[in-house]
Structure formats: structure tokens, C-alpha cells
Amino acid sequence: QVHVVESGGGLVQVGGSLRLSCAASGRPFIDLAMGWFRQAPGKERIFVAAISRGAGWTNYADSVKGRFTISRDNAKNTIALQMNDMAVEDTAVYYCAAAKDRSYYATPAQANDYDYWGQGTQVTVSS
């Protein structure tokens with residue numbers, strides 16, 4: 001069983017920046033592709049970004065390209081999501097997820113590709 005824990009959510013103004021972190025334990029971190037999803041009130045959970053096991057490959061939703069950056073530190077068993085130039089539409093609960101048994105280069109973008117999920121962290125962007 002893999003335990004996933006997010007941190008770093010909070011309140012930020014439009015145009016501001018926020019950095020989320022996620023730690024995973026219970027399985028060799030290099031075995032896990034990692035991703036971020038978000039869910040706004042009354043809406044479905046959607047893909048934000050993913051990073052491959054080897055950290056060399058990333059995948060982003062069109063809505064965050066150029067503003068958000070996903071990264072991972074395999075030595076610390078963590079990933080991060082740097083969010084810049086934030087908009088009100090970025091307000092949501094952000095979830096970190098881990099996927100096992102994926103190829104070294106995979107950057108899954110579907111929620112059902114992931115096996116383990118964190119509890120989520122609230123991000124609110126105020127105008």
C-alpha cells in the first residue's frame with residue numbers, strides 16, 4: 001500500500017504563485033508515475049499534470065501549460081507543482097496521485113490510471 005500526502009495549499013490572489021508538494025511512501029518511489037488532479041465545487045476531478053518515473057517526461061492539461069510546472073525528487077520521494085500566474089479558475093481541491101506498473105516514460109492523464117490518492121489540499125485564488 002502506498003501512502004500519498006499533499007501539502008502547500010492555501011489562499012492566493014490572482015496573478016500570484018503557490019507551490020504544492022506531495023510525498024509518497026510504501027513502495028520504491030522510482031516505481032511510481034505521479035500526477036496532480038483537481039476538483040472544483042460541483043465539477044468532476046480533472047487532470048492537471050503528470051511526471052514519469054524517470055522525471056524526464058511531463059504532461060500538462062492545456063489550461064495550465066506555461067503556468068504550472070511539475071517536478072520530482074526521487075531522492076526525497078516527493079513531487080511538486082509550482083503554480084504561477086494563477087487565476088480564479090484554478091480554485092479547487094488538488095489531489096496528488098501515484099500510478100504503479102507503468103512504463104518508465106509514462107505520464108498518465110486519466111484518473112483511473114492511478115492506484116493511490118492523497119486526501120487533497122484546498123487552493124483558493126481570490127480576485
Distance in Å, [X] [atom1] paired with [Y] [atom2], rounded so as to fall on 0.5 Å steps:
{"X": "Thr124", "Y": "Asp90", "atom1": "OG1", "atom2": "CG", "value": "11.0 Å"}
{"X": "Tyr95", "Y": "Trp117", "atom1": "OH", "atom2": "CH2", "value": "9.0 Å"}
{"X": "Lys65", "Y": "Asn59", "atom1": "NZ", "atom2": "CG", "value": "7.0 Å"}
{"X": "Met34", "Y": "Ser52", "atom1": "CE", "atom2": "OG", "value": "12.0 Å"}

Is there a side-chain contact between [X] and [Y] in this structure, where contact means two heavy atoms from C-beta onward sitting under 4.5 Å apart?
{"X": "Thr78", "Y": "Ser21", "result": "no"}
{"X": "Met83", "Y": "Leu20", "result": "yes"}
{"X": "Cys22", "Y": "Val4", "result": "yes"}
{"X": "Ile79", "Y": "Trp36", "result": "yes"}
{"X": "Asn74", "Y": "Arg72", "result": "yes"}
{"X": "Arg38", "Y": "Val123", "result": "no"}
{"X": "Val5", "Y": "Gln119", "result": "no"}
{"X": "Thr91", "Y": "Gln122", "result": "yes"}

So which heavy atom on [X] is nearest to which on [Y], and how close?
{"X": "Thr69", "Y": "Tyr60", "result": "CA-OH, 3.3 Å"}
{"X": "Glu6", "Y": "Cys96", "result": "OE2-N, 2.8 Å"}
{"X": "Ser127", "Y": "Val14", "result": "CA-CG2, 3.6 Å"}
{"X": "Ala80", "Y": "Arg19", "result": "CB-NH2, 3.4 Å"}
{"X": "Leu32", "Y": "Ala98", "result": "CD1-CB, 4.1 Å"}
{"X": "Ala50", "Y": "Pro108", "result": "CB-O, 3.3 Å"}

Do [X] and [Y] land in one hydrophobic cluster if side-chain heavy atoms of ILVMFWY residues count as linked below 4.5 Å?
{"X": "Val93", "Y": "Met86", "answer": "no"}
{"X": "Val64", "Y": "Val88", "answer": "yes"}
{"X": "Leu81", "Y": "Tyr114", "answer": "no"}
{"X": "Trp57", "Y": "Phe37", "answer": "no"}

Worksheet item: Would Tyr104 and Arg53 count as a side chain to side chain donor-acceptor pair (under 3.5 Å) if you check the C-alpha gap in whole Å, the side-chain angles of each, and the deciding distance to 0.1 Å?
Response: CA-CA 5 Å; Tyr104 195 72; Arg53 293 165 53 195; over 6 Å; no
Practice prompt. Kindly determine whether Leu11 and Ser126 satisfy side-chain contact (heavy atoms from CB on, under 4.5 Å), including the steps that lead there.
Written response: CA-CA 7 Å; Leu11 177 65; Ser126 64; 4.1 Å; yes
Item to complete: Cation-pi check, Arg27 to Tyr116: give yes when NZ or CZ is under 6.0 Å from the six-membered ring centre and within 45° of the ring axis, no otherwise.
Response: no
